Amino acid sequence: VCLKMSYMKMRLLYISLVVLGALCLYFSMYSRTPFKEEPFVFKKERGNFLQLPDINCKQDPPFLVLLVTSSHEQMFARTVIRNTWGKEKNVNGKRIKTFFLLGATANKDLSKVVAQESQRHHDIIQKDFMDTYFNLTLKTMMGIEWIHRFCPQASFVMKTDSDMFVNIYYLTELLLRKNRTTQFFTGFLKLNEFPIRDKHNKWFVSKYEYPWEKYPPFCSGTGYVFSSDVASQVYEVSESVPFIKLEDVFVGLCLAKLKIRLEELHSEQTFFPNGLAFSTCRFKKIVACHFIKPRNMLSYWQALENSLEDECPAV
Ligand SMILES: *[C@@H]1O[C@H](CO)[C@@H](O)[C@H](O)[C@H]1NC(C)=O
Ligand SMILES: *[C@@H]1O[C@H](CO)[C@@H](O)[C@H](O)[C@H]1NC(C)=O
């Protein structure tokens, strides 16, 4: 009996020690948070749509949806895009639709003008976050949410900017040739990028915002293309991924978590995030080119469309 009693005592002591240890660990973790402020977490349900475009994807699913980030002031750029590569089109019988992504502004006049523009063209997707450069992640995620909620029937999605030239003809051709329908993500691949720790740089990222030494593989935010199933997956995983204001890196973090690999669209370079001097033959064989001024867009586009049937000399 005596032996049994001491055994019970020992057991009780042991259990108490374990419980005490667990409690200590719990309190030490919660009282000493390493940061003064809570890290920002992306919330999927945050914000309301202010403008939605007029499209029924269920009835008439597009092959490719182009989502173009722009700001309120860039009305001319939007007009130019609507009249060039963003014009609704069928390429090889595949329907292509372009929508513009916008946030909100405190400027009442600009808000009004954009609301009118939306009523006229029905091609604006807008939510009520502040439209600033460092809210681009929110803007991109709004586009991804819109695909997930309103247009999962689309085959492909491209996210791009308003200072880009997009050759939808070549893009469609390459996507059809690639013959991929799911788990597909392509663009200008950035596989070895590091956070910039210089405070004076535009893309400075603090160790608080991103503590790791290296970025995950991602595609340049100037233009990337993915199968529409990726939109829903990125949307679902986004809340459990550390938030970063660089939208292309954020999407890269989501893809890494989803184990979706980035792929080249073609054996030759077709995405030009650093720009490329225009020539008709050159632009026939590219998908996207950065740094195109709105005033040059129309002539480049017309030159491209007028030469669709022409052969170019082999390079
Ligand atoms: C982003 O938008 C949110 C919501 O409107 C706003 O509170 C925040 O200040 C904006 N962030 C930046 C960096 O402008
Ligand atoms: C595309 O892929 C599917 C299966 O993934 C295959 O059945 C079909 O033949 C392919 N088409 C072309 C044109 O390669």
Side-chain angles (χ1 to χ4, degrees), residues 35-52 61 63-64 67 69-74 91-94 100-112 114-115 118 124-146 153-156 159 161-162 169-186 195-196 199-210 221 225-230 235 238-239 241-251 253-254 260-261 263-267:
F35 306 116
K36 279 179 217 86
E37 22 175 346
E38 281 295 306
F40 181 72
V41 191
F42 177 72
K43 285 269 174 262
K44 287 194 294 195
E45 272 79 32
R46 188 180 299 235
N48 302 302
F49 282 101
L50 301 177
Q51 303 286 342
L52 286 168
F63 173 71
L64 172 64
L67 299 175
T69 53
S70 74
S71 65
H72 289 70
E73 292 85 354
Q74 292 168 330
V91 176
N92 298 340
K94 303 289 182 186
F100 297 97
L101 306 178
L102 281 138
T105 171
N107 183 323
K108 293 240 166 58
D109 295 331
L110 275 178
S111 295
K112 216 185 214 167
V114 162
S118 172
I124 288 180
I125 302 172
Q126 184 186 32
K127 256 186 154 178
D128 58 1
F129 60 86
M130 272 299 134
D131 198 315
T132 57
Y133 185 76
F134 284 126
N135 261 342
L136 260 183
T137 300
L138 299 187
K139 198 177 265 186
T140 298
M141 288 311 295
M142 167 180 76
I144 283 172
E145 177 183 355
W146 185 82
Q153 298 84 1
S155 303
F156 295 97
K159 192 244 112 184
D161 282 337
S162 58
Y169 297 101
Y170 199 46
L171 173 56
T172 305
E173 185 187 322
L174 291 177
L175 285 173
L176 290 172
R177 212 190 289 171
K178 197 89 187 171
N179 193 23
R180 288 282 307 275
T181 51
T182 58
Q183 301 277 100
F184 182 63
F185 199 102
T186 191
I196 293 168
K199 280 201 175 96
H200 305 291
N201 193 293
K202 185 181 176 188
W203 289 282
F204 163 72
V205 167
S206 70
K207 285 203 166 160
Y208 168 67
E209 188 179 6
Y210 191 86
V225 181
F226 48 97
S227 54
S228 67
D229 63 310
V230 172
Y235 179 72
S238 59
E239 264 182 337
V241 164
F243 185 87
I244 179 162
K245 62 180 179 274
L246 307 178
E247 59 92 13
D248 43 11
V249 176
F250 182 72
V251 171
L253 286 168
C254 293
I260 295 176
R261 258 181 355 102
E263 292 172 58
E264 296 286 1
L265 181 58
H266 190 43
S267 53

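Everything quoted here is computed from the prediction, not taken from an experiment. Remember, it's 1-based here, ligands and their atoms both numbered in the order they're listed. Atoms considered below: every heavy atom in the structure, side chains included; atoms not considered: hydrogens, waters and symmetry mates.
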Quiz question for you: does at least one protein heavy atom lie closer than 4.0 Å to [atom]?
atom: atom 5 (O) of ligand 2; result: no
atom: atom 2 (O) of ligand 2; result: yes
atom: atom 12 (C) of ligand 2; result: yes

Query raised in the report: Parallel, tilted or perpendicular: which fits the ring planes of Y170 and H266, with parallel below 30° and perpendicular above 60°?
Result: perpendicular

Requested in this report: Look at the rings of F185 and F226 and say which category their plane angle falls in: under 30° parallel, 30 to 60° tilted, over 60° perpendicular.
Outcome: parallel

For [atom], closest protein heavy-atom neighbour:
atom: atom 14 (O) of ligand 1; value: T132 OG1, 2.7 Å
atom: atom 8 (C) of ligand 1; value: N135 ND2, 3.9 Å
atom: atom 9 (O) of ligand 2; value: N179 ND2, 4.7 Å

Query raised in the report: Are the side chains of F184 and N179 in touch, meaning some heavy atoms are under 4.5 Å apart?
Result: no

Query raised in the report: Between the side chain of N107 and the main-chain N/O of L110, is any donor-acceptor distance below 3.5 Å?
Result: yes

Query raised in the report: So, the side chain of D128 versus the backbone of N48: is there a donor-acceptor pair under 3.5 Å, distance only?
Result: yes

Query raised in the report: Hey, are E209 and K245 close enough for a salt bridge, meaning a charged N less than 4.0 Å from a carboxylate O?
Result: yes

Requested in this report: May I ask you to check whether M130 has an N/O atom sitting below 3.5 Å from an N/O atom of ligand 1?
Outcome: yes

